[in-house]
Amino acid sequence: MEVSNVAAVCRLFRVRHSRHSTAMHLLQSGVDLTVIALWLGHESTATTHMYVEADLTMKKRAIEKITMPASKFRQDRPSDRLLAFLEAL
C-alpha cells in the first residue's frame, strides 16, 4: 500500500472514530436517539440503534433502576379437579 493510501485510511479511521465517540457521548448524556441519528445523517434510527446495543453503561444503569416486586413469587397450582380431568384425557 502506498504512503498516500495509508494516510487516507488513517484519516478516514479518525473521522469515523470521532463520529462514533461523539455519538456515544451524546447517547450517554441522554440525547434522544432520533437527534443523534439526524446529527449523524442516518436516514433511519435503526442504523443508529447499534449505539444503544454497544453501550454497556446504559444497560447497567437500566438494570440498576429495576426494582424487585414487593410481593413474593407465587406459583399457581392447578386444582385437583383440573388435574384429574387432564389425567383422564
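These values consider heavy atoms only, across backbone and side chains, with no hydrogens, waters or symmetry-generated copies.
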For residues 78-85, which side-chain donor-acceptor pairs fall under 3.5 Å, sequence neighbours excluded?
{"unit_1": "Ser79", "atom_1": "OG", "unit_2": "Leu82", "atom_2": "N", "d": "3.2"}

Task: Summary of side-chain hydrogen bond (donor to acceptor under 3.5 Å, both in side chains) pairs that have at least one residue in residues 35-45, sequence neighbours excluded - done: His42-Thr48
Listed pairs under 3.5 Å, donor-acceptor, residues 27-38 side chains, sequence neighbours left out:
{"unit_1": "Gln28", "atom_1": "NE2", "unit_2": "Asp55", "atom_2": "OD1", "d": "3.1"}
{"unit_1": "Ser29", "atom_1": "OG", "unit_2": "His25", "atom_2": "O", "d": "2.8"}
{"unit_1": "Asp32", "atom_1": "OD2", "unit_2": "Thr34", "atom_2": "N", "d": "3.2"}
{"unit_1": "Asp32", "atom_1": "OD2", "unit_2": "Thr34", "atom_2": "OG1", "d": "2.2"}

